[in-house]
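Let me begin by presenting the structure, written as structure tokens, before commenting on it.
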There are 2 protein chains.
Amino acid sequence: MPRLLIIEDDDRIRLSLRLALEDEGYTVRDVPTAEAALTEHRAHPADLVLVDLMLPGMDGFDCIRAMRRLGDVPIVVVSARDDTHDVVAALEAGADDYVVKPVAVKELSARLRALRRRASGSGEDAPKVRRFGEIELRPEAGEVLLGEEQVHLTRTEFRLLCELADQTGRVLSRQQLLDRVWGYDVYGDERLVDVHIGRLRRKVERDPANPAHVLTVRGLGYKLSP
Amino acid sequence: MPRLLIIEDDDRIRLSLRLALEDEGYTVRDVPTAEAALTEHRAHPADLVLVDLMLPGMDGFDCIRAMRRLGDVPIVVVSARDDTHDVVAALEAGADDYVVKPVAVKELSARLRALRRRASGSGEDAPKVRRFGEIELRPEAGEVLLGEEQVHLTRTEFRLLCELADQTGRVLSRQQLLDRVWGYDVYGDERLVDVHIGRLRRKVERDPANPAHVLTVRGLGYKLSP
DNA sequence: CCGTCGCGTGACGGTCCCGTGACGGGCACC
DNA sequence: GGTGCCCGTCACGGGACCGTCACGCGACGG
């Protein structure tokens, strides 16, 4: 749930933007002034910033520059002025995009998504690797480490581990695992899961007979304990 | 000197964009069709792409999607249509920005700068020499060294190695490799990849039967291990 | 304490995936 | 026209992997 900060002095516009973008799935904080925005952003850094240029007190350009000094959060300007000079000045100040009021919410939302997609790359990379004790799972590389050494998993074992990892701590029934790992049309022997769980344990558990992470929940299924 | 690729079928607009942006310091290549753009981009990847939506043959949306499959180069749409639906569709297809003709060059240039600033973090610039054990890859010179001695790779083998190197450690499926090495429109036999992987191994691996770097991930594809 | 149920595990045959050699066509260069 | 070089296709063989089965053991309930 990405956090969005709206800086806009007009109450009606601020509210309508807020409602529209909350519908799009953002967690929105809105403030009427640049000063309040900086305080808010320092306290709760946002993932995206929407800023009006015409603000009382510190104006939008200064606000952008101040934000830039705090970090490299994506900034979109929403302005009533459709003027090349303003666009250039805002972008030079450090904004990432500039849209003109009245804004089409669909377009604004699409621009925010595009920007987030672009920004997420350079931002602090989301560590795709997941750890469970000594087990380190790297979906990108298709490999698994047990402590320091790499262990080789077959495709089915790997998927099985991934599915369990996706629902860490939760118990998954054999049928659920059949659905997710093997496909939706498999109604075969549920014992198949047991066999692969066993094979998986032999590879990723120090003591396969007394598993520390790939655990059996008798009568229900299996779970991965962190 | 950033490389810019312009895709625009109108000769006059293409030329004026080219001249204006060369003034801004870009090294410009321009083409009239999406097909030509894809060929050009595969041969000489650009740092930025400017694309018109209304193109003869493959349209701008498909062009954007095809570009996206090749890499994450920043893409700016320049269109005569000022329509929210088009903006949303273009951004959803993978574009980064959308400006409406007639464009103010100053604004376009500022938007390109803002985009480059944002993208440069994740974008891999300066393709330097890369090493993988005894394998030394020099994309600029188009040559590969195994230990001290230079080995001759064919064009296809070289591209294959480069694509794997660009995503070191990550598994690439046969289809992904077909897309990036052979072209987006190849739906032919995926086994083709296997053959070239084999030929590549014979040249860059000390023991081709037990490859140390060009590794198979059974059921998924291939990866290059560092 | 015993029967039953659920689960772990070893063995095995079949299947599919991948490596490889062979072959013909296209292209550039001589 | 000849001659390599390179590429794409095909077929074959081997081995990794998968699914099934059967057996045995430990956990529960009566």
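Reckoned from all heavy atoms, side chains included, excluding hydrogens, waters and symmetry mates. In what follows, chains are A, B, ... by sequence order, proteins preceding strands, each numbered from 1.
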Without swapping roles, check the side chain of B:Arg18 against the backbone of B:Val28 for a donor-acceptor pair under 3.5 Å.
yes

Closer than 3.5 angstrom, by distance alone: can the side chain of B:Arg111 be matched with the main-chain N or O of A:Tyr98 as a donor-acceptor pair?
yes

[X] has an atom [atom1]; how far is it from atom [atom2] of [N], in whole Å?
| X | N | atom1 | atom2 | value |
| --- | --- | --- | --- | --- |
| A:Glu190 | C:dC5 | CD | C1' | 15 Å |
| B:Glu157 | D:dC5 | CD | P | 13 Å |
| A:Asn210 | D:dA27 | CG | P | 11 Å |
| B:Arg201 | C:dC18 | CZ | P | 11 Å |
| A:Leu178 | D:dT20 | CG | P | 10 Å |
| A:Leu153 | D:dA16 | CG | P | 16 Å |
| A:Asp189 | C:dG6 | CG | C1' | 13 Å |
| B:Lys203 | D:dC5 | NZ | C1' | 10 Å |

Among C:dG19, D:dC10, C:dT9, which nucleotide sits nearest the side chain of A:Asp194?
C:dT9

Report the nucleotide, chosen from D:dG8, D:dC18, C:dC7, that has the shortest atom-to-atom distance to any side-chain atom of B:Arg199.
D:dG8

Is the shortest heavy-atom distance from the side chain of B:Glu205 to the side chain of B:His213 under 4.5 Å?
yes

Does the pair B:Arg113 and B:Ser109 meet the rule for a side chain to side chain donor-acceptor pair (under 3.5 Å), with working shown?
CA-CA 6 Å; B:Arg113 255 198 311 280; B:Ser109 174; 3.3 Å; yes

Check whether any side-chain nitrogen or oxygen of [X] sits under 4.0 Å from OP1 or OP2 of [N], and answer yes or no.
| X | N | result |
| --- | --- | --- |
| A:Thr154 | D:dC18 | yes |
| B:Trp182 | D:dC7 | no |
| A:Thr156 | D:dC18 | yes |
| A:Thr216 | C:dG8 | yes |
| A:His196 | D:dT20 | no |
| A:Tyr222 | C:dG6 | no |
| B:Arg174 | C:dC18 | yes |
| B:His152 | D:dC6 | yes |

Which heavy-atom pair separates B:Leu48 from B:Val73 by the least distance, and what is that distance?
N-CG2, 3.9 Å

Comparing B:Gly198 with A:Ile197, nearest DNA chain C nucleotide closer to 5' gives the residue A:Ile197

DNA chain C nearest-nucleotide lookup for A:Arg155 and A:Gly219: closer to the 5′ end is A:Gly219

I'd like to know if [X] reaches the base of [N] with its side chain such that a donor and an acceptor end up less than 3.5 angstrom apart.
| X | N | result |
| --- | --- | --- |
| B:Arg191 | C:dG19 | yes |
| A:Arg202 | C:dG8 | no |
| A:Arg218 | C:dG8 | no |

Output for pair (A:Gln167 CD, A:Leu164 CG), nearest 0.5 Å, gives 9.0 Å

